[in-house]
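Inspection log for the structure reproduced underneath, given as structure tokens.
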Amino acid sequence: MNNFIKRTITGAFFVIFIIGSVLLNPWVFASLFLLVSVAGMFEYFRVMARLDLYPARMTSLLVSVVVYAGVVSVLTGLLSPDYLKAGIVIVPLLLIVELFRNKGNPFRNVAAAMLGIVWIVFPLALLSGFFNPAADRGWIHGGALLGFFLILWIYDSGAYIVGSIAGKRKMLERISPGKSWEGFAGGTAAGLLTAYMISASFLEFSSLEWMLIAIVIIIFGTLGDLIESMLKRSAGIKDSGSLLPGHGGILDRFDAVLVAAPFVYLIITFLR
């Protein structure tokens with residue numbers, strides 16, 4: 001099957017699952033992305049093994065789940081922000097575990113575990129903070145989150161299509177030979193047009209504010225894609241996994257989200 005068709009079918013299922021979870025309930029969405037976080041960490045461990053790094057898997061996964069649940073609970077008002085102070089014990093805990101593992105490069109293993117938690121788990125947990133606490137459940141309540149994904153998806157699709165057809169000038173060839181400035185320009189135009197169009201329905205932000213959010217998504221989403229490509233190139237692999245036909249793995253699908261989400265969270269928090 002043509003890769004573009006596989007990519008489209010897989011993307012369609014993801015759209016259904018993500019939009020459905022946003023509209024159903026914030027906790028349904030949080031539960032879905034907890035699974036995404038755990039799957040992303042498993043992929044990350046496999047990539048780290050290619051680099052001869054072996055974080056303590058069970059401890060790292062346990063910490064990941066606790067960090068994710070804690071951040072989401074604070075963002076949704078279920079817990080006080082004071083509970084986040086418990087995060088100060090994460091590094092000492094990982095170091096203590098390394099004492100008894102008898103593995104090489106213990107400090108590099110701890111650093112690798114922390115990178116996974118900060119790069120993968122924390123940004124995905126932040127997505128729960130996109131919900132508008134002042135609005136009712138449903139379309140308006142999740143407008144910022146839906147807008148974030150719509151802009152990112154359409155930017156990505158526009159960049160992929162235009163880059164495939166007209167891509168000539170490489171953006172950063174030593175990291176990602178397939179990325180071109182023509183693709184970036186086409187994706188940017190598609191993303192900004194999407195931001196302008198959704199401003200008529202997602203009224204929490206003005207059209208200019210949505211355009212600003214789109215610019216942040218496009219810039220940092222692209223950098224997120226390049227960062228994951230840098231990781232794969234370092235590990236000598238093409239995809240982070242094979243879970244998603246046409247996309248590769250979880251990290252391949254959510255690489256842009258992992259870097260864009262923290263910056264967009266800051267922007268929408270300021271605008272609110």
| note | Contacts of V15 meeting side chain to side chain contact (heavy atoms under 4.5 Å, CB included) (sequence neighbours excluded), chain-then-number -> I19, W153
| message | Could you walk me through whether F205 and L212 satisfy the side-chain contact (heavy atoms from CB on, under 4.5 Å) test, starting with their C-alpha distance in whole Å, then the side-chain angles of each, then the deciding distance to 0.1 Å, before giving a yes or no? | response | CA-CA 10 Å; F205 305 115; L212 173 62; over 6 Å; no
| task | Could you tell me which residues satisfy side-chain hydrogen bond (donor to acceptor under 3.5 Å, both in side chains) with R101, sequence neighbours excluded, listed by chain and number? | result | E98
| said: Is the distance between the ring centroids of F131 and F29 under 6.0 Å? | reply: yes
| message | Does the plane of the ring in F149 sit parallel, tilted or perpendicular to the ring in F33? Use 30° and 60° as the thresholds. | response | tilted
| message | Suppose the criterion is side-chain hydrogen bond (donor to acceptor under 3.5 Å, both in side chains): which pairs have a residue in residues 213-224, not counting sequence neighbours? | response | Y155-T222
| The single option from V71, V257, L34, I250 passing side-chain contact (heavy atoms from CB on, under 4.5 Å) against L124 | V257
| Stepwise side-chain contact (heavy atoms from CB on, under 4.5 Å) test for F220 and V264 | CA-CA 9 Å; F220 289 101; V264 176; over 6 Å; no
| Can you list the residues that meet the side chain to side chain contact (heavy atoms under 4.5 Å, CB included) rule with S80, with sequence neighbours excluded? | D82, Y83
| request: List in chain and number order the residues that pass side-chain hydrogen bond (donor to acceptor under 3.5 Å, both in side chains) with S64, two or more places apart in sequence or in another chain; answer none if no residue qualifies. | output: none
| task | Apply side chain to side chain contact (heavy atoms under 4.5 Å, CB included) to A235 and list each qualifying residue two or more places apart in sequence or on a separate chain. | result | V47, R50, L51, I237
| request: Show your reasoning for whether side-chain contact (heavy atoms from CB on, under 4.5 Å) applies to T269 and Y265. | output: CA-CA 6 Å; T269 300; Y265 175 76; 3.6 Å; yes
| said: I'd like to know if R108 and D52 make a salt bridge, using a cut-off of under 4.0 Å between side-chain N and carboxylate O. | reply: no
| field | Evaluation steps, side-chain contact (heavy atoms from CB on, under 4.5 Å), between L226 and M171 | value | CA-CA 10 Å; L226 290 169; M171 181 178 287; 4.2 Å; yes
| request: Determine the interplanar angle of the F202 and W210 rings, folded into 0 to 90°, and report it as parallel if under 30°, tilted if 30 to 60°, perpendicular if over 60°. | output: tilted
| message | Checking R169 against E182 for the salt bridge (charged side-chain N to carboxylate O under 4.0 Å, His left out) test, could you report, in this order, the C-alpha distance in whole Å, the side-chain angles of both residues, the deciding distance, and whether it holds? | response | CA-CA 7 Å; R169 299 173 181 84; E182 290 83 359; 2.7 Å; yes
